[in-house]
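These values consider heavy atoms only, across backbone and side chains, with no hydrogens, waters or symmetry-generated copies. FYI, the numbering just counts along the sequence from 1. Since we're looking at a predicted model, the values are computed, not measured.
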Amino acid sequence: MSISINKPFGDAGAAGNVTSPVTMLSRFHAKAAMQVVLSGSLSAGTIALQGTLDGVNFDTANPLATFVIGTDSSGALKFVTDKPIGGYRAVVTGLTGTGAAEVLVAVDDMS
């Protein structure tokens with residue numbers, strides 16, 4: 001999955017918040033990686049990778065991985081292991097500045 005979130009115009013809206021569509025997998029996976037690539041002059045915001053078993057219920061309090069703009073470097077990889085998921089989504093909150101954040105997610109099988 002790859003989503004691009006643009007600020008101030010486009011997907012993120014005035015509040016800088018956006019949730020990607022849910023990506024359901026053909027089977028459960030226990031390994032994933034999230035990479036966030038920034039462009040422009042984004043100064044703040046958080047991108048959380050949330051997992052689901054059923055495509056409806058997400059553990060919003062305990063994301064699989066979190067990227068913090070201003071703390072993490074553009075292109076940083078966040079790895080998830082031993083957390084089986086049937087699907088995932090990216091949740092962006094508090095995006096400020098101008099530019100875009102591209103969120104890339106890859107999953108591997110449970111072996």
**Student:** Can you find a heavy atom in the side chain of Y88 that is under 4.5 Å from one in the side chain of V80?
**Tutor:**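 They are not in contact (no side-chain heavy atoms under 4.5 Å apart), so the answer is no.
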**Student:** With rounding to the nearest 0.5 Å, note down the distance linking CE in M34 to CD1 in I47.
**Tutor:**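 M34 CE to I47 CD1: 6.5 Å, rounded to 0.5 Å.
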**Student:** I'd like to know if the side chain of T96 pairs up with that of S43 as donor and acceptor (distance under 3.5 Å, no hydrogens or angles considered).
**Tutor:** yes
**Student:** Report yes if the side chains of V91 and F58 come closer than 4.5 Å at any heavy-atom pair, otherwise no.
**Tutor:** no
**Student:** How far apart are the closest heavy atoms of A101 and L42, and which atoms are they?
**Tutor:**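 Answer, listing the atom of A101 first, then L42: N-CD1, 4.0 Å.
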**Student:** Atom CG in L95, atom CG in N17: separation rounded to 0.5 Å?
**Tutor:**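 Here the rounded value is 8.5 Å.
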**Student:** Mark yes or no for whether H29, through its side chain, and I85, through its backbone, hold a donor-acceptor pair below 3.5 Å.
**Tutor:**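 Answer holds: no.
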**Student:** Under the side chain to side chain donor-acceptor pair (under 3.5 Å) definition, can you give me all pairs with a residue in residues 52-63, not counting sequence neighbours?
**Tutor:**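 Sorted pair list: T52-D54, D54-N57, D59-N62.
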**Student:** Testing the basics here: between V103 and A90, what is the closest heavy-atom pair and its distance to 0.1 Å?
**Tutor:** CG1-CB, 4.1 Å
**Student:** Are L25 and V105 connected in a single hydrophobic cluster, I mean Ile/Leu/Val/Met/Phe/Trp/Tyr linked by side-chain heavy atoms less than 4.5 Å apart?
**Tutor:**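 Yes; tracing contacts between hydrophobic side chains, which count when under 4.5 Å, links both residues.
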**Student:** With the side chain counted from C-beta on, respond yes when T19 and Q50 share a heavy-atom pair under 4.5 Å apart, and no when they do not.
**Tutor:**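 The answer is no; the side chains never approach within 4.5 Å.
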**Student:** Starting from V68 and following side-chain heavy-atom contacts under 4.5 Å between hydrophobic residues (I, L, V, M, F, W, Y), which residues can be reached?
**Tutor:** none
**Student:** L49 versus F67: any side-chain heavy-atom pair under 4.5 Å?
**Tutor:**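 L49 vs F67: side chains apart.
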**Student:** Specify the closest pair of heavy atoms between A32 and V107, including all atoms of both residues, with the distance to one decimal.
**Tutor:**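 For A32 versus V107, the nearest heavy atoms are CB-CG1, 4.0 Å.
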**Student:** Determine which pairs satisfy side chain to side chain donor-acceptor pair (under 3.5 Å) with at least one residue from residues 78-87, sequence neighbours left out, and list them in order.
**Tutor:** D72-K78
